[in-house]
Structure formats: structure tokens, C-alpha cells
Asks: 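What follows is a single structure, and I will ask about it in a moment.
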Amino acid sequence: MTRIGLGRDLHRLVEGRRFILGGHVIPAERGELGHSDGDVLAHAVTDAVLGATALGDIGELFPPSDNTWKDADSMALLSQAWEKVSAQGWRLVNLDCSITCERPRIIPHRDAIRERLARVLGADTESIFVKGNTNEGCDALGRGEAVEALVVCLLERD
Ligand code: MG
């Protein structure tokens, strides 16, 4: 059996925060605001794998109202969610990620991000891809006020 999952998240970009994608810190003037470490890609991947398996969503598993998750390492949260998913026999076929922000440039960091995601998801780097886009100056993304992550995943089990 195979299942498709979709994840989407957006975080504001502010001064004094780290810009972190898939656990990889990218030097930037502004970073992601969030209750956790703000890793927008880790959040979208978490929602994609949970959605594919109908096991809930990131807000249910790790409520922002719960101070346990304040400044949490979002890759550790993804790892916990993936444990739930893989415990039911699911394996990752592939994961495709699209990041939209004006700055910084994502592509030079693509392979580092892919490797970190692969490690957490018990997958090959070849089955994970990351693309970067700008928003051509349009709306809040285009003004550099936010970063968005869109993720689709395909899972399979016997
Ligand atoms: Mg989020």
C-alpha cells in the first residue's frame, strides 16, 4: 500500500532568530519566529508524514500551548512523529520539498538539508529533494517577512 502526504507551514522572519531548515542553520540577517526553534521545513515534513498516515498533525502532537515544546529542536519532534509512523510499518519512498523566501539562498545548502532529513527518516539522500524559490517580490514572502515550506511525501508498507 502507498500513501501520499502533504505538509505546509509558514513562519515569520525576524531579527535575532536563527534561520534553520531541516536542522541545518543557514547564515541570514533574519530567522524564523516560532514557539519551537522555528524550523519551518521540519514542521512541514512532520505534517506530511503524519497526514499520509492519518496519525494526526504537528499541532496535536506538540501543542504550542504546552511549554514542553518551547524552543524545541524541531528535528527531534520530527523524529518522534516518524517513530509513530514507522512503528506502523511505513517506509519513505520519497519526499519533495519546496522552500519559498527572498533570502537567504537555499540551493547551496540543499545537500546538507537532504542529509539531515534522510538521517531522521531512515531514508537514502537520493529519495529526498529540496528546491528553493523566491516569491518575485510579491506579498509578505516577497518582502522578506516570512518563509514558507511545502512538502509532499510518498510512503509505502507491505
Ligand atoms: Mg510551524
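Owing to the predicted nature of the structure, the values given are computational and were not obtained by experimental measurement. Computation of the quantities below employed the complete heavy-atom set of this structure, encompassing side-chain atoms and omitting hydrogens, waters and symmetry-equivalent molecules.
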Asks: More than 12 foreign heavy atoms under 6.0 Å from CD1 of Ile4: is that the case here?
Replies: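 No, not enclosed.
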Asks: Check the pair Ile128 / Ile113 against side-chain contact (heavy atoms from CB on, under 4.5 Å), numbers first and verdict last.
Replies: CA-CA 9 Å; Ile128 296 172; Ile113 297 168; over 6 Å; no
Asks: Under the ring-ring contact (aromatic ring centres under 6.0 Å, His included) rule, what pairs show up with a residue in residues 26-53, not counting sequence neighbours?
Replies: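 Passing the test, one end in residues 26-53: His11-His43.
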Asks: Name all pairs fulfilling the ring-ring contact (aromatic ring centres under 6.0 Å, His included) condition that reach into residues 113-143, sequence neighbours left out, sorted by first residue then second.
Replies: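 Counting only pairs at least two positions apart or across chains, no ring-ring contact (aromatic ring centres under 6.0 Å, His included) contact touches residues 113-143.
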Asks: Looking at Thr53, is its backbone amide N or carbonyl O close enough to the side chain of Arg3 to form a donor-acceptor pair, meaning the two atoms are under 3.5 Å apart?
Replies: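 Answer holds: no.
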Asks: Would you say Leu61 and Met75 are hydrophobically clustered, going by side-chain heavy atoms of ILVMFWY under 4.5 Å?
Replies: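 Same cluster: Leu61 reaches Met75 through Ile, Leu, Val, Met, Phe, Trp or Tyr contacts under 4.5 Å.
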Asks: Let me confirm one number: the CG-CD1 distance from Asn133 to Ile107, rounded to the nearest 0.5 Å.
Replies: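 The CG atom of Asn133 sits 8.0 Å away from the CD1 atom of Ile107.
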Asks: At their closest point, which heavy atom of Pro63 faces which heavy atom of Trp69, and how far apart are they?
Replies: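 Closest approach of Pro63 to Trp69, heavy atoms only: O-CD1, 3.1 Å.
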Asks: Quick check: closest heavy atoms across Phe62 and Leu77, and the distance to 0.1 Å?
Replies: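 It is CZ-O, 3.4 Å.
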Asks: Got a sec, which residues hit side chain to side chain contact (heavy atoms under 4.5 Å, CB included) with Asp158, two or more places apart in sequence or on another chain?
Replies: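 Testing Asp158 for side chain to side chain contact (heavy atoms under 4.5 Å, CB included), a comparison that skips the adjacent residues, returns Arg91.
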Asks: Run the ring-ring contact (aromatic ring centres under 6.0 Å, His included) test against Trp90 and tell me which residues pass, sequence neighbours left out.
Replies: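 With neighbours one apart ignored, the set is empty.
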Asks: Please identify each residue that fulfils side chain to side chain contact (heavy atoms under 4.5 Å, CB included) with Leu150, with sequence neighbours left out.
Replies: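 Checked Leu150 against side chain to side chain contact (heavy atoms under 4.5 Å, CB included); matches are Arg8, Ser98.
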Asks: Provide the full list of side chain to side chain donor-acceptor pair (under 3.5 Å) pairs with a residue in residues 101-122, sequence neighbours left out, each pair given once.
Replies: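 Found His24-His109, Asp111-Arg114.
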Asks: Is Asp47 reaching over with its side chain to a backbone N or O of Ile58, donor-acceptor style, under 3.5 angstrom?
Replies: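 Between the backbone of Ile58 and the side chain of Asp47 there is a qualifying donor-acceptor contact (under 3.5 Å).
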Asks: Name all residues meeting the side chain to side chain donor-acceptor pair (under 3.5 Å) criterion together with Asp139; count only those two or more places apart in sequence or in a different chain, and write none if there are none.
Replies: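 With neighbours one apart ignored, the set is Asn135.
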Asks: Same cluster or not: Leu121 versus Val152, using hydrophobic residues (I, L, V, M, F, W, Y) connected whenever any side-chain heavy atoms lie under 4.5 Å apart?
Replies: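 No, Leu121 and Val152 fall in different hydrophobic clusters.
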Asks: What pair of heavy atoms forms the shortest contact from Ile106 to Cys101, and how long is it?
Replies: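 Between these two residues, the closest heavy atoms are CD1-SG, 4.0 Å.
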Asks: Quick one: closest heavy-atom pair of Ala48 and Val151, and the distance?
Replies: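 Closest heavy-atom pair between Ala48 and Val151: CB-CG1, 3.8 Å.
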Asks: So which atom in Val14 and which in Arg17 form the shortest heavy-atom distance, rounded to 0.1 Å?
Replies: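 Reported closest heavy-atom pair: CG2-CG, 3.5 Å.
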Asks: Checking the side chain of Thr46 only, and the main-chain atoms of Ala42 only, is there a donor and an acceptor separated by less than 3.5 Å?
Replies: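 Judged by distance alone, yes, a pair lies under 3.5 Å.
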Asks: Side-chain heavy atoms nearer than 4.5 Å, only ILVMFWY residues, links allowed to pass through others: does that put Val147 and Ile26 together?
Replies: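 Shared cluster, yes.
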Asks: With the side chain counted from C-beta on, respond yes when Leu50 and Glu60 share a heavy-atom pair under 4.5 Å apart, and no when they do not.
Replies: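 Side chain of Leu50 against side chain of Glu60, heavy atoms only: no contact under 4.5 Å found.
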Asks: According to side chain to side chain contact (heavy atoms under 4.5 Å, CB included), who are the partners of Arg18, at least two apart in sequence or on a separate chain?
Replies: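 Side chain to side chain contact (heavy atoms under 4.5 Å, CB included) list for Arg18, sorted by chain: Ile20, Val25, Asp37.
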Asks: Would you compute the distance between atom CG of Leu21 and atom CG of Leu117 and round it to the nearest 0.5 angstrom?
Replies: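 Rounded to the nearest 0.5 Å, the CG-CG separation comes to 9.5 Å.
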Asks: What I'd like to find out is whether the side chain of Leu92 reaches to under 4.5 Å of the side chain of Trp82, using heavy atoms alone.
Replies: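 When only atoms from C-beta onward are counted, Trp82 and Leu92 do touch, with a gap below 4.5 Å.
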Asks: If a pair satisfies ring-ring contact (aromatic ring centres under 6.0 Å, His included) and one of its residues is in residues 139-158, list it, with sequence neighbours excluded.
Replies: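 Passing the test, one end in residues 139-158: no pairs.
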Asks: Can you tell me how far the CG atom of Leu41 sits from the CG atom of Leu95, to the nearest 0.5 Å?
Replies: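 Here the interatomic distance stands at 7.5 Å.
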Asks: Taking Asp39 for the side chain and Gly22 for the main chain, is one N or O donor matched with an acceptor at less than 3.5 Å?
Replies: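 Such a contact is found between Asp39 side chain and Gly22 backbone.
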Asks: Kindly state each residue pair satisfying salt bridge (charged side-chain N to carboxylate O under 4.0 Å, His left out) with at least one member in residues 125-137, sequence neighbours excluded.
Replies: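 Applying salt bridge (charged side-chain N to carboxylate O under 4.0 Å, His left out) to every pair that reaches into residues 125-137, excluding sequence neighbours, yields Asp96-Lys131.
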Asks: Closer than 3.5 angstrom, by distance alone: can the side chain of Glu32 be matched with the main-chain N or O of Val40 as a donor-acceptor pair?
Replies: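 Checked: pair present.
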Asks: Gln88 and Arg157: which non-hydrogen atoms are nearest, and at how many Å?
Replies: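 Where Gln88 meets Arg157 most closely, the heavy atoms are O-NH1, 2.9 Å.
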Asks: Which residues satisfy the side chain to side chain donor-acceptor pair (under 3.5 Å) test with Asp66, sequence neighbours excluded?
Replies: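 Asp66: side chain to side chain donor-acceptor pair (under 3.5 Å) contacts with Thr68.
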Asks: Following the transitive rule for hydrophobic clusters with a side-chain heavy-atom cut-off under 4.5 Å over Ile, Leu, Val, Met, Phe, Trp and Tyr, establish whether Phe19 and Leu141 coincide in one cluster.
Replies: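 In one cluster: no.
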Asks: With sequence neighbours left out, write down each residue that passes side chain to side chain contact (heavy atoms under 4.5 Å, CB included) with Ala140, or none if nothing qualifies.
Replies: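 Residues passing side chain to side chain contact (heavy atoms under 4.5 Å, CB included) with Ala140: Arg143, Glu145.
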Asks: Taking Leu154 as the starting point, is it possible to reach Val85 by hopping between hydrophobic residues whose side chains are less than 4.5 Å apart?
Replies: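 Val85 and Leu154: separate clusters.
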